[in-house]
Amino acid sequence: MEEVEEDTEEDVDFIRTIINEDMKTGKYGGRVHTRFPPEPNGWLHIGHAYSINRNYHFAVEYGGKFNLRFDDTNPITEEEEFIESITADVRWLGVDFEDRLLFASNYFDQLYDYAIQLIKKGLAYVDDSSVEEIREMRGTITEPGQESPYRNRSIEENLDLFERMKNGEFKDGEKVLRAKIDMAHPNMLMRDPIVYRILHAHHPNTGDKWCIYPMYDWAHGLEDSIEGITHSICTLEFEVHRLLYDWYLDQLDDEDGNPIFHPQQIEFAKMNLTYMVGSKRRLRMLVEEGYVKGWDDPLMLTIAGMRRRGITPEAIRNFSLAINFTKRDKLIDMSIFEHYIRDDLDKRCPRVMSVINPIKLVITNFPNDKIEEFTVPNHPSDKEMGTRKVNFTKNLYIEKEDFMENPPEDYYRLSPGKEIRLKYAYFVKCENVVKDRETGDIIEIHCTYDPESKGGESPDGRKVQGTIHWLSADSALEAEVRLYDRMYTKENPMETEEGKEFTDYLNPNAITILNSYVEPFLKDKEQGSRFQFERNGYFVIDIVDSTKENLVFNRIITLRDTWAKKSN
RNA sequence: AGCCCCAUAGUCUAGUUGGAAGGAUACGGGACUCUGGAUCCUGAGGCAGGCGUUCAAAUCGCCUUGGGGCUGCCA
């Protein structure tokens, strides 16, 4: 782990208030143990990263531990491939779960034994009712439910039936094990919740050993208890489940007849970001219906997508730690995340020159075959990043946007008759332009240079207003550059108008692919290397499509651009 | 509709035992600058509303309003 920026240290969110209190009272023996419990049925995204980072950070902060535990209790929706991708994503985030890559399925035997204990206490029964019957008898949020006709079976019969459920004597849906609580409870979850259902399905971990699988509410608290989790942090929609979570834990005893370990469930509000859709279902839809190129499409805020886009785990972590856990709904402005992305990239990225939209610039008074070499710094404020050499020649490329024939007054760049600096090189003055005879488009800009201004300063002390970047047309390396913009055109794509879907707000101009030029030494850089293209933004060598022959760069993010803002 | 949860600048977030509402980001202005970047200075902007308790309320109580969750053999 790199050094953690403790800029949030003084912010005590409501969860730390609880932990601090528990530390003071010694509730858990001064221990903090958190976990992240993904279901292996989809990819992780920024919202999960937020939860993972914060949960992990609680453990780090209090000298505790953090578990990665797959909540693999439903074999019909879960897949092996997600176990691998999620594990890789969590590791990439820089979160250390040590040897604790755990699975709910590891505890299936124990969970079964606990169920038997529940039955023996007269607190659970086998119900033969159908799905429909159970639904009908549950009542509604305003009306109480009715008790199942099977509710008062004897303990012996329940024990026998439950064992036979386990042994595969019944078909899917034929029977369930239910907790006996209160069919009139105002909290629907307490109306005899289902504990086990029959599912003749192959499980990635346990194979065909089981044909009954535990329900979330039964499994989750027990998983936490078995692992000694102290603070079981989950999202707000589980708030109503806490009553059941506590109820199950309170009914059960260990071998010595003592109550089993009882973690505390705490709920926080999910993170939502503007211009993002986070739900698993919708993410899956984007992938499966071809709206994006895959789960790792750099446009998406999946962890895989962000990794490919070039966003660093440190940026994600700093952002996550800046947004405290709270209970109120949030829709965070993307600019806050963008700030943390730039903040991290600025420090770590070597600078490099690129020309994304090239136009030719000819220095008319520069010798034809001369190649001048400049030694330039790799970072403006970090000397340790060293220097590199850049070739300067008569024929150059500059950005089209850095020249205007009829500029407004506050345009700092090149225009006819104006002198500016070519960064690190010389002052140049625009003498005239060459236009295409038919279209009238400018195809070449002709300048003269001042040999005295070598290195970018004039001995007579004269100043120029603008500095632009450039590349030697003789040695510039061609590269594909993929410019990414926001994925949606609407701040909150989930807030749809009549008859529209979130996919209607997909930004058609989210990706622009261009053939550009970069400094030639980039040819030898590895996939995943990040750079700041001066004045153009931060870029990463694509980890999938880039090769030595065909370099591909993804734009991670633009630089802040107050000029563009003003001129709009 | 019944039950539960939530409410501090545009956004995110401190404010724990009542005692001048603080930070981040975004936005405006300025300084500096060989990136219209970075950095620095600076400005504007908020306790949803009402009633009550109190010498004193963002903080405690009640009501209203607004937002969210709950009627899977999903998690």
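Predicted model only: the values in this text are computed from it and were never measured. Computed from heavy atoms alone, side chains included, the values below leave out hydrogens, waters and symmetry copies. Letters A, B, ... mirror the listed sequences (proteins, then strands); counts begin at 1.
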Inset, instruction - Classify the nucleic acid contact of A:His241 as base, sugar-phosphate or nothing, counting any heavy atom under 4.0 Å across all strands shown. - result: base

Inset, instruction - Counting Watson-Crick and G-U wobble pairs only, both distances under 3.5 Å, name the nucleotide matched with B:rC12, or none. - result: B:rG23

Legend entry - Ring-ring centroid check A:Tyr426 A:Phe392, cutoff 6.0 Å: yes

Inset, instruction - State whether the distance check finds a donor on one side and an acceptor on the other, under 3.5 Å, for side chain A:Gln532 versus base B:rU35. - result: yes

Inset, instruction - Tell me what A:Pro214 touches on the nucleic acid: a base, only sugar-phosphate, or nothing, going by heavy atoms under 4.0 Å. - result: sugar-phosphate

Inset, instruction - Establish, with yes or no, whether the OP1 or OP2 oxygen of B:rU35 is under 4.0 angstrom from a side-chain nitrogen or oxygen of A:His469. - result: no

Inset, instruction - Answer with base, sugar-phosphate or nothing: what part of the nucleic acid does A:Thr562 contact at a heavy-atom distance below 4.0 Å? - result: sugar-phosphate

Inset, instruction - Scan every strand shown for a Watson-Crick or G-U wobble partner of B:rC3, both distances under 3.5 Å, and answer none if you come up empty. - result: B:rG69

Legend entry - Centroid-centroid distance, A:Tyr245 to A:Phe238, less than 6.0 Å: no

Inset, instruction - Check every strand shown and say whether A:Glu534 touches a base, only sugar-phosphate, or nothing at a heavy-atom separation below 4.0 Å. - result: base

Inset, instruction - Kindly say if A:Lys330 contacts the phosphate of B:rU13, meaning a side-chain N or O under 4.0 Å from OP1 or OP2. - result: yes

Legend entry - Counter-base of B:rC74, judged by Watson-Crick or G-U geometry with both distances under 3.5 Å: none

Inset, instruction - Measure distances between side-chain N and O atoms of A:Arg328 and base N and O atoms of B:rU8, and say whether any donor-acceptor pair falls under 3.5 Å. - result: yes

Inset, instruction - Would you please confirm or rule out a distance under 4.0 Å between OP1 or OP2 of B:rA75 and any side-chain N or O of A:Arg197? - result: yes

Inset, instruction - Mind telling me if B:rG69 is syn or anti? Syn here is a glycosidic angle within 90° of 0. - result: anti

Legend entry - Presence of A:Asn324 side-chain N/O under 4.0 Å of B:rA14 phosphate oxygens OP1/OP2: yes

Legend entry - Proximal nucleotide (of B:rC6, B:rC73, B:rG37) relative to the A:Ile194 side chain: B:rC73

Inset, instruction - State yes or no: are the ring centers of A:Tyr517 and A:Tyr397 separated by less than 6.0 Å? - result: yes

Legend entry - A:Trp563 aromatic ring stacked with six-membered ring of B:rG36, 5.5 Å and 30°: yes

Inset, instruction - Just say parallel, tilted or perpendicular for the rings of A:His48 and A:Phe36, cut-offs at 30° and 60°. - result: perpendicular

Inset, instruction - For side-chain hydrogen bond (donor to acceptor under 3.5 Å, both in side chains), just list the numbers for A:Ser354 and A:Asn536, CA-CA rounded to whole Å, side-chain angles, deciding distance to a tenth of an Å, and then say yes or no. - result: CA-CA 8 Å; A:Ser354 68; A:Asn536 274 329; 3.0 Å; yes

Inset, instruction - Mind checking A:Phe238 for me? I need base, sugar-phosphate or nothing, with any heavy atom below 4.0 Å counting as a touch. - result: base

Legend entry - Given RNA chain B, 5'-ward residue of the pair A:Pro380 and A:Asp346, judged by closest heavy atom: A:Pro380

Inset, instruction - Describe the nucleic acid contact of A:Lys423 in one word from base, sugar-phosphate, nothing, applying a heavy-atom distance below 4.0 Å. - result: base

Inset, instruction - Could you say whether A:His339 or A:Asp561 is positioned toward the 5' end of RNA chain B, judged by the nucleotide with the nearest heavy atom to each? - result: A:His339

Inset, instruction - Establish, with yes or no, whether the OP1 or OP2 oxygen of B:rC27 is under 4.0 angstrom from a side-chain nitrogen or oxygen of A:Lys565. - result: yes

Legend entry - C1' spacing across the pair B:rG22 / B:rA14, given as an integer number of angstrom: 7 Å

Inset, instruction - Could you tell me whether A:Asn74 contacts a base, only the sugar-phosphate backbone, or nothing, with contacts defined as non-hydrogen atoms closer than 4.0 Å? - result: sugar-phosphate

Legend entry - Short side-chain N/O contact from A:Arg138 to OP1 or OP2 of B:rG72, under 4.0 Å: yes

Legend entry - Under 4.0 angstrom between A:Thr326 side-chain N/O and B:rC12 OP1 or OP2: no

Inset, instruction - Could you tell me whether A:Ser381 contacts a base, only the sugar-phosphate backbone, or nothing, with contacts defined as non-hydrogen atoms closer than 4.0 Å? - result: nothing

Inset, instruction - Answer with base, sugar-phosphate or nothing: what part of the nucleic acid does A:Ile332 contact at a heavy-atom distance below 4.0 Å? - result: sugar-phosphate

Inset, instruction - Assess the pair A:Phe162 and A:Tyr112: is the distance between their ring centroids shorter than 6.0 Å? - result: yes

Inset, instruction - Give one of base, sugar-phosphate or nothing for A:Met334, where a contact means two heavy atoms less than 4.0 Å apart. - result: nothing

Inset, instruction - Identify the nucleotide, in any strand shown, that forms a Watson-Crick or G-U wobble pair with B:rU54, with both distances under 3.5 Å; if there is none, say none. - result: none

Inset, instruction - Just call it for A:Ser354: base, sugar-phosphate, or nothing, with non-hydrogen atoms closer than 4.0 Å on any strand. - result: nothing

Inset, instruction - Assign A:Tyr411 to base, sugar-phosphate, or nothing according to its heavy-atom contacts below 4.0 angstrom with the strands shown. - result: base

Inset, instruction - Determine, using ring centers only, whether A:Phe103 and A:Phe70 are less than 6.0 Å apart. - result: yes

Legend entry - Below 4.0 Å: OP1/OP2 of B:rU71 and any side-chain N or O of A:Arg191: no

Legend entry - Sugar-phosphate, base or nothing in reach of A:Leu331, heavy atoms under 4.0 Å: sugar-phosphate

Inset, instruction - Please tell me which of the listed nucleotides, B:rU16, B:rA75, B:rU71, lies nearest to the side chain of A:Val12? - result: B:rU16

Inset, instruction - Have a look at A:Glu457 and say if it touches a base, only the backbone sugar-phosphate, or nothing, with a 4.0 Å heavy-atom cut-off. - result: base

